[in-house]
Structures are given as C-alpha cells and as structure tokens.
Q: 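Input: one structure, supplied below.
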Protein chains: 2
Amino acid sequence: MNTLAEENYLKSIYHLSLNDSNVSTNQIAAALNTKAASVTDMLKKLADKELINYAKYQGVTLTSAGEKVALHIIRKHRLWEYFLVEKLHFKWDEVHDMAEEMEHISSVELTDRLDKFMDYPKHDPHGDPIPDRDGKFKKNELQPITALQVNESGIISGVRDHSALFLQYLEKQQLTIGKKIKVTEIIEYDQSMILEVEQTKIHISREAAKNLLIVI
Amino acid sequence: MNTLAEENYLKSIYHLSLNDSNVSTNQIAAALNTKAASVTDMLKKLADKELINYAKYQGVTLTSAGEKVALHIIRKHRLWEYFLVEKLHFKWDEVHDMAEEMEHISSVELTDRLDKFMDYPKHDPHGDPIPDRDGKFKKNELQPITALQVNESGIISGVRDHSALFLQYLEKQQLTIGKKIKVTEIIEYDQSMILEVEQTKIHISREAAKNLLIVI
DNA sequence: TAAAAAATTTAGACTTGTCTAAAAAATTAT
DNA sequence: ATAATTTTTTAGACAAGTCTAAATTTTTTA
Ligand SMILES: [Mn+2]
Ligand SMILES: [Mn+2]
Ligand SMILES: [Mn+2]
Ligand SMILES: [Mn+2]
C-alpha cells in the first residue's frame, strides 16, 4: 500500500500541521532528519497519490485520505507504546523508538485486537490520545503549567517534549501522568516555579514548566 | 545492522539448510519468490559481511554469525506467532504473514520481555521450537504419521506444511497440536489412513498424513 | 522597490534490491 | 567423451529513496 518512507512523511506532516496549517519543506526535512531536496521528491510522490495537497513553493496540507493514513499510523504507535509500558513494563522514556518500528505493522485486524486486548486505552503513556479505528479521538484540552497562578492546581496529563531526557527528569521528580500538582510559588527573577506534589515541594525551571501539560 | 532483505535471505537459507547441507541459488530464489540473478547479487553481499560461506557455483552455508542472526529472526517470528494466538486469539492459520513483518522488530530487550510475558513458551502454534535468547532449542524428534503401523499411537506435535489451507483442514478434522491419535486402518489401495481421535474416526490421504507430525 | 538572504526546486549522482537477456559453468544424457 | 540441458553468474537497466551542488523563487531588508 504505502511504503515505510511514505508513512513516515505523512505522520510528520500530520504532527507539523498541528502547529502550522501549511507545512514547509524545511520543517519536514528537519523533522525527518533529511534534506530539503529529498523532501521535495517525496512531496511529488505523495501528491501524485493524492495524499497531500502540494503546490510548488507553497507548502503542503494532508488530504483527508492522507490524514486517515497518518492517524492510523499514530493509532498503532500509541497502542504499541501502551502495550510496551502496561504489559511489558518498559518505562515511558524507553518505548518511543520501538514504537517507531511497530507502527508500520500493517494488519488492521491485529491493531484492533491489540486495542481490545488492552481494553481500549484512551491515552498513551505520555498522555497523548489514541485514535479509534476510524481515526477519531477526543482532542486534549491541555495547558502548560505556566498557565497557572500561585495557589492554582491541576493534574499532570501530558508532555510537550517527548525526549527521553525530559521524561527521565520528570520521573525522577515524581512528575508523572495523573499526579495532582499545586503551584506554591513563582520566582520573580527567572519565572521558575515551585510545585507541591504529594506533600513535597519541587522546583522546576520555566523551560521545563512550558513542556509539562495539565488539565485544570 | 542488517537490512530487511538480508534478514529474509538468512532466514530462508537457514530453513533450506535443514534439508540440504549446501543451499543452491535456485532454491533460495524459489523460496523468496525472486530470480536467481537477484540471489547471486545478495549472496555476494552476505559473503562480504561474513554471514555466509559462498563460492561461485558451489551453493552456500551459513557462517556461525549468519546462523545466529537467522535463529534470532526465527525466535522473534515464533514468539510473535505465539503472542497472536495465545493473547490476541488469532487462529493458527492466520498468524504467519503478520509474524513475517513482526520478526523484523529489532529490539532484543523487547523480544526477551515478550518471551517472559508469555512465560517462556517452548513451541509456537505450529509445534515448531522457539529458540532461546542464545539461539538454543531442543530439536524436535518428530515423525510423520505415515511412520505408524495399524494400532500404533502418537501425539500430534507439528506440521510439515504450514499453508493456511492445510492448517484449516486439520482444524476442521480436530487434528490439532496435542491431540492423541491412533491408526485404526491403512487402506491398501492408496495408503490413506483411518485415525481415531477422541473416539471419532477420521480418514486422511497419504498426502496429508506425510505432513502431519507426531511424537510417539 | 531593488538587492540580499532564505527557502525551495531541479539536475545529476549514488545505494539497495530487483529484473531480463546473454554468457559461462556444471550436470546429465547419449 | 561429446552434446544437450540445467544452473549459475555477469552485464546492463530500472525504481525508490537519498544526497550535493546549482538554479530558481520567495521573502526580507534596506
Ligand atoms: Mn512516541
Ligand atoms: Mn507517545
Ligand atoms: Mn510462520
Ligand atoms: Mn510457526
């Protein structure tokens, strides 16, 4: 059906589309660790297959066929991440690269049975929503904790940075999905925040705070 | 490390080696549904990587490095087949093609944890032994039921033909792994066999009998 | 609004894995 | 032991996906 490379391009375009409605060649090249010239070549192929809308120099958007493919890959990625953490007991910072391979396993029946086996999880280990077999999911209404004032609270529900380094840092600070946090102080000098999590106080930089998402 | 194509070649060479010590170019081409010329090209690459012993026109054998790679792929193939049948409740004739994709998932840690998750199964759904992480496994001492005389018994433990058609046929006849069978009659005319399985009599052709393996 | 800078595309090349057709080697038959 | 047949390898080509360098277009700056 679609090649591995095509699938990876569609997935990247989907993710980049969440921030910018038109995705540029250079953005895709950066995301996929490749060169702009290679991206241009692939965009022509994807446009021929009517998976993207592409006009030279104008950037791209996914067609609804392309979005469907992208969401199916993302569904598989997140289901396998959930499997790896919940069934095989990997840590949340260990599963992304494995899921990058597993998301390309093609069987739809397998995907649906995996979903059932795990009792239809709604979110992956990083708090990202898992699309159902039709590609539908509830959009997370998450905010960075920098949106909170002193004495306001929220529940940790996602991350903006998925790097192993950040995830490990959060784990060490007990700042994991589902934990309730309260802002006890915002340091005026550098806007860093002091949080209360399960009776302990934790000091995090504004940089980290921007990447930690909560539901209020 | 090794490409998907390289892995498939090594696996085929391993399987063919079980019947013939030296594997020919044409045998590999037939097994992989490709052309002899393509095989020759790949054999040169695998020989350069010291995964096979290859001398022009002489056929090939795996080096011990090559065998190690092949056994690791086969380990993954059989573990995933077991997973698909035991955890996701697929039928034994449905899992092979999915496992052909899943066997290329690279993480060794994932493979070992999957093994543990399923409590270290020794055989896949078709009765084939699952190599451990060092590539070791007990060689099955199986015989086709054609080796039995009238009134002799055995336990169904494997198949020689893995096609969905044969597996579905066996399933329908209740001839599944673990069942005890007794030969009640061998028809002189065509050597077909009448078996007793759980109080019922089943008539199978010699052709089918040759592909059904038992332990005595 | 014209020049400079940045982004994007084109041109041409390379790698992997495949193919067909032709040549060479090995095997089988007479 | 030679001829015929089969097997295997070589030669040359092609598609997918990538790259560098050069050309083109768009955007920014002055
Ligand atoms: Mn991930
Ligand atoms: Mn994730
Ligand atoms: Mn199989
Ligand atoms: Mn099997």
Side-chain angles (χ1 to χ4, degrees), chain A residues 1-17 19-62 66 69-70 73 100-101 103-104 106, chain B residues 1-17 19-62 66 69-70 73 100-101 103-104 106:
Chain A
M1 185 60 218
N2 300 302
T3 67
L4 190 138
E6 287 169 345
E7 290 189 345
N8 285 334
Y9 274 87
L10 291 172
K11 183 166 56 104
S12 273
I13 294 167
Y14 178 89
H15 286 310
L16 292 166
S17 298
N19 299 317
D20 307 85
S21 62
N22 259 52
V23 179
S24 76
T25 301
N26 270 356
Q27 282 180 299
I28 298 167
L32 289 173
N33 235 292
T34 183
K35 298 298 152 87
S38 310
V39 174
T40 301
D41 287 343
M42 181 59 89
L43 294 183
K44 288 180 194 163
K45 286 177 211 163
L46 293 173
D48 283 348
K49 295 180 83 171
E50 302 191 34
L51 294 166
I52 61 172
N53 303 114
Y54 170 56
K56 269 194 205 180
Y57 297 100
Q58 306 309 141
V60 297
T61 58
L62 291 176
V69 174
I73 313 280
E100 285 289 302
E101 292 182 52
E103 72 191 6
H104 301 289
S106 59
Chain B
M1 185 60 218
N2 300 303
T3 67
L4 191 137
E6 287 169 344
E7 290 189 346
N8 285 333
Y9 273 87
L10 291 172
K11 184 166 57 103
S12 273
I13 294 166
Y14 177 88
H15 286 311
L16 293 166
S17 297
N19 299 317
D20 307 85
S21 61
N22 259 53
V23 179
S24 75
T25 301
N26 269 357
Q27 282 180 298
I28 298 168
L32 289 174
N33 235 293
T34 181
K35 298 298 150 85
S38 309
V39 174
T40 300
D41 287 343
M42 181 58 89
L43 295 183
K44 288 179 195 165
K45 286 178 211 160
L46 294 173
D48 283 348
K49 295 179 84 170
E50 301 191 33
L51 294 166
I52 61 171
N53 304 114
Y54 170 56
K56 268 194 204 177
Y57 296 102
Q58 307 308 141
V60 297
T61 58
L62 292 175
V69 174
I73 313 282
E100 285 289 302
E101 291 183 53
E103 71 191 5
H104 301 289
S106 59

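Lettering follows sequence order; numbering is per chain, from 1.
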Q: Go through C/dA26, D/dA21, C/dT20 for me and flag the one nearest to the B/Ala37 side chain.
A: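 The answer is C/dT20, which lies nearest to the side chain.
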Q: Is B/Thr3 close enough to C/dG17 that one of its side-chain N or O atoms is under 4.0 Å from OP1 or OP2 there?
A: yes
Q: Between A/Lys44 and C/dT9, does any side-chain N or O lie under 4.0 Å from OP1 or OP2?
A: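 The answer is no; no side-chain N or O of A/Lys44 sits under 4.0 Å from OP1 or OP2.
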Q: Base, sugar-phosphate, or nothing: which does A/Ala5 touch, judged by heavy atoms less than 4.0 Å apart?
A: sugar-phosphate
Q: Grab the two heavy atoms, one from B/Ser21 and one from B/Thr61, that are nearest each other, plus how far apart they are.
A: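 Taking every non-hydrogen atom into account, O-CG2, 3.4 Å.
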Q: Counting side-chain heavy atoms from CB outward, which of C/dG17, D/dA21, C/dT20 is closest to B/Lys35?
A: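 Closest of the options to the side chain of B/Lys35: C/dT20.
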Q: Round to a whole Å and report the spacing from CE of A/Met42 to C1' of C/dT8.
A: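 Answer to the nearest Å: 17 Å.
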Q: Output yes when at least one side-chain N/O atom of A/Thr34 is less than 4.0 Å from OP1 or OP2 of D/dC19, else no.
A: yes
Q: Taking DNA chain D as the partner, which of residues 24-31 of chain A come within under 4.0 angstrom of it by heavy atom?
A: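 Nothing qualifies; none.
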Q: Within this structure, what is the CD-CG distance for the pair B/Glu101 and B/Leu4, rounded to the nearest 0.5 Å?
A: 9.5 Å
Q: Please report, rounded to the nearest Å, how far the P atom of D/dT7 is from the CG atom of B/Asn22.
A: 16 Å
Q: Which heavy atom of B/Met42 sits nearest a heavy atom of B/Ala5, and at what distance?
A: CE-CB, 3.7 Å
Q: Output the distance between atom OG (B/Ser38) and atom CG (B/Asn33), rounded to the nearest 0.5 Å.
A: 11.0 Å
Q: Hey, which of these two, A/Leu4 or A/Gln58, hits DNA chain D nearer its 5' end, going by closest nucleotide?
A: A/Leu4
Q: To the nearest Å, give me how far apart CG (A/Asp41) and P (C/dT10) are.
A: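 About 9 Å, once rounded to whole Å.
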Q: Are B/Ser38 and C/dG17 close enough that a side-chain N or O sits under 4.0 Å from OP1 or OP2?
A: no
Q: Looking at every non-hydrogen atom in both residues, tell me the closest pair between A/Ile52 and A/Leu10 and how far apart they are.
A: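 So the minimum-distance heavy-atom pair works out to CG2-CD2, 4.1 Å.
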Q: Please tell me if A/Lys56 has a side-chain N or O lying less than 4.0 Å from either OP1 or OP2 of C/dT8.
A: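 No, no such contact exists.
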Q: Atom NE2 in B/His15, atom CD in B/Gln27: separation rounded to 0.5 Å?
A: 14.0 Å
Q: Side-chain N or O of B/Tyr9 versus OP1/OP2 of C/dT18: is the shortest distance under 4.0 Å?
A: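 Checking B/Tyr9 against C/dT18: at least one side-chain N or O falls below 4.0 Å of OP1 or OP2.
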Q: State whether the side chain of A/Glu7 and the backbone N or O of A/His104 hold a donor-acceptor pair below 3.5 Å, judged by distance alone.
A: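 Not a single qualifying donor-acceptor pair exists.
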Q: Under a cut-off of 3.5 Å for both distances of each Watson-Crick or G-U pair, what dot-bracket string does DNA chain D give, using [ ] for crossing pairs and | for inter-strand pairs?
A: ||||||||||||||||||||||||||||||
Q: Kindly say whether B/Gln58 contributes a backbone atom to a donor-acceptor pair with the side chain of B/Asn22 at under 3.5 angstrom?
A: yes
Q: For a quick test of reading the model, state the closest non-hydrogen atom pair linking A/Ala36 to A/Asn26 and the distance between them.
A: CB-OD1, 3.6 Å
Q: Using side-chain contact (heavy atoms from CB on, under 4.5 Å), reason through B/Leu51 and B/Ile13 one step at a time and then give a plain yes or no.
A: CA-CA 11 Å; B/Leu51 294 166; B/Ile13 294 166; over 6 Å; no
Q: Let me know the distance between CD of B/Glu7 and P of C/dG17, rounded to the nearest Å.
A: 11 Å
Q: Using whole Å, what does the distance between atom P of nucleotide C/dT10 and atom NZ of A/Lys45 come to?
A: 14 Å
Q: Take atom OH of B/Tyr54 and atom C1' of D/dT7, then tell me their distance rounded to the nearest Å.
A: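 Taking atom C1' of D/dT7 as the reference, OH of B/Tyr54 is at 12 Å.
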Q: Write down the distance between CG (B/Leu32) and P (C/dG17), rounded to a whole number of angstrom.
A: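 B/Leu32 atom CG is separated from C/dG17 atom P by 13 Å.
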Q: Rounded to the Å, how far apart are B/Leu43 CG and C/dG17 C1'?
A: 13 Å
